[in-house]
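Chain letters run A, B, ... following the sequence lines, proteins first and then strands; every chain starts at 1.
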Amino acid sequence: MSFNELVNLEFLENRKLVKLKKEFLRAKPFPHIRIENFLKEEVANKLLNEVKKEEFKEKESDLFNFKQTDDLYFSKNKFIKNFNDDFLNWEFFSFVSQITGKKFSGTLDMSATLYESCAFLLPHDDELEGRKIAYLLYLAKGFSEKDGGAFALYNSIKGVPAKVVKRYSPKWNSLLMFEVSEKSFHEVEENLSKKDRFAIGGWLH
Amino acid sequence: MQFKKNKIVKLESFLISKNYIELEKKLTKLKTIHNKIPDKFSFSSFVKIPNEEQGLLGFLEEVIGKVKTVEIKKFSHRDYTILHDDLKMEKGRKVYFFICANWKAEFGGNLVFVREKKDNFFVTPLGNSLVLIDKEKDTKEFVQYVNHLAGKNRFIIVEFNF
């Protein structure tokens, strides 16, 4: 399969891409977008099943507590490896470029994360040399607002994050992208439920 | 001996029970305000620094030395501190005194000391316990995020800087 065969085709139409770009650039508090029903449903289901077989390592610091795989580029799972290859491809970079207006060097980070009950990621801006766009593909099922685990965006005043002005519950098979900058303060709110919050994500450089 | 080797020591049941209960009662009744700089910290502090801990302060001054400053912080669900560049990195002796009941490590809120070339040192809040540390210049500390398992539980840390 290629990238174009994995995603719902409507997102690849020019008219749709122009609309998505407007939405991305106008979004507050910093450029971002959430695209629902991103992958074909059978692909998303298969991806979740295969991701669950990966080895997740405990990540813990003052800033976070969650589980994460190594970069999926190194996965020994054939389906996952192919999925990574399909995204590490000019079609995906071109898709993101048309929505965000960014040009990329062709480097892609991709790993899977698992936020179990009580897991969190406190506010930070993601800035690190080379990162241009961050992306998250949610593979969490049945999350509602009361379950926590939301992706929360902060506005900022003079470079200091102030308050949460937007929240996205981790909606099944939705792709969230945002521009990495000194203003892109965000957090993953604590998972208040007993459900597993899986996602695949990383950065385009 | 333990303190000489590790430069850190925990002492449990520090105050006489009656005095601790009195201090706890007084502190938990006092009004606090919530402080949050999202990428640095989230906790409550006391509107007025109470003088109820004077007895403790006097005792510490007698056995350790002149206390320069006292800070009192209250942590509950969703509170935390994050290590960041603006943190003061000062060498010196510090004492942390805990006021709480029934706190469990799984709630988060553990006080973590990060020291170069040494393992992190974890302190789970325990009522009427005290931590004495000789901080090196590279010693940093943070309070882990308090998760929802804490429910309505909270704890107070009284920090004495010498």
Distance-minimising heavy-atom pair for A/Asp62 and B/Leu83
OD2-N, 2.7 Å

Chain A heavy atoms under 4.5 Å from B/Thr81: which part of the residue, side chain, backbone, both or neither?
backbone

Most heavy-atom pairs under 4.5 angstrom with chain A, which of B/Val114, B/Asn120, B/Asp39?
B/Asp39

Minimum heavy-atom separation for B/Arg78 to A/Leu192, with atom names?
NH2-CD1, 3.8 Å

For A/Lys183, is the NZ atom crowded, meaning more than 12 foreign heavy atoms sit under 6.0 Å from it?
no

Under 4.5 Å from a heavy atom of chain B, the part of A/Ala119 involved:
neither

Which atom names give the shortest non-hydrogen contact between A/Glu190 and B/Asn147, and what distance separates them?
OE2-CB, 3.2 Å

Where is the tightest heavy-atom contact between B/Pro38 and A/Pro123, given as atom of each residue plus distance?
O-CG, 3.3 Å

Atom NZ of A/Lys171: over 12 foreign heavy atoms under 6.0 Å
no

To the nearest 0.5 Å, how far apart are CG in A/Leu63 and NE2 in B/His84?
12.0 Å

Are there over 12 heavy-atom neighbours, none belonging to B/Glu116, within less than 6.0 Å of that residue's CD?
no

Please flag which part of B/Lys40 lies under 4.5 Å from any non-hydrogen atom of chain A: side chain, backbone, both or neither.
neither

Greater than 12 external heavy atoms within 6.0 Å of B/Phe41's CZ
yes

Under 4.5 Å heavy-atom distance to chain A, tell me which part of B/His77 shows up: side chain, backbone, both or neither.
side chain

Answer with side chain, backbone, both or neither: which region of A/Glu60 has an atom nearer than 4.5 Å to a non-hydrogen atom of chain B?
side chain

Can you say whether A/Asp125 sits under 4.5 Å from chain B via the side chain, the backbone, both, or neither, judging by heavy atoms?
neither

Is any side-chain heavy atom of B/Tyr145 closer than 4.5 Å to a side-chain heavy atom of A/Asn65?
no

Can you tell me if NZ on A/Lys166 sees more than 12 non-hydrogen neighbours from other groups inside 6.0 Å?
yes

Do A/Val160 and B/Ile37 have side chains that approach each other closer than 4.5 Å (heavy atoms only, starting at C-beta)?
yes

With a sphere of 6.0 Å drawn around CD1 of B/Ile33, does it hold more than 12 non-hydrogen atoms of other residues, nucleotides or ligands?
yes

Can you establish whether the number of heavy atoms outside B/Glu12 located under 6.0 Å from its atom CD is more than 12?
no

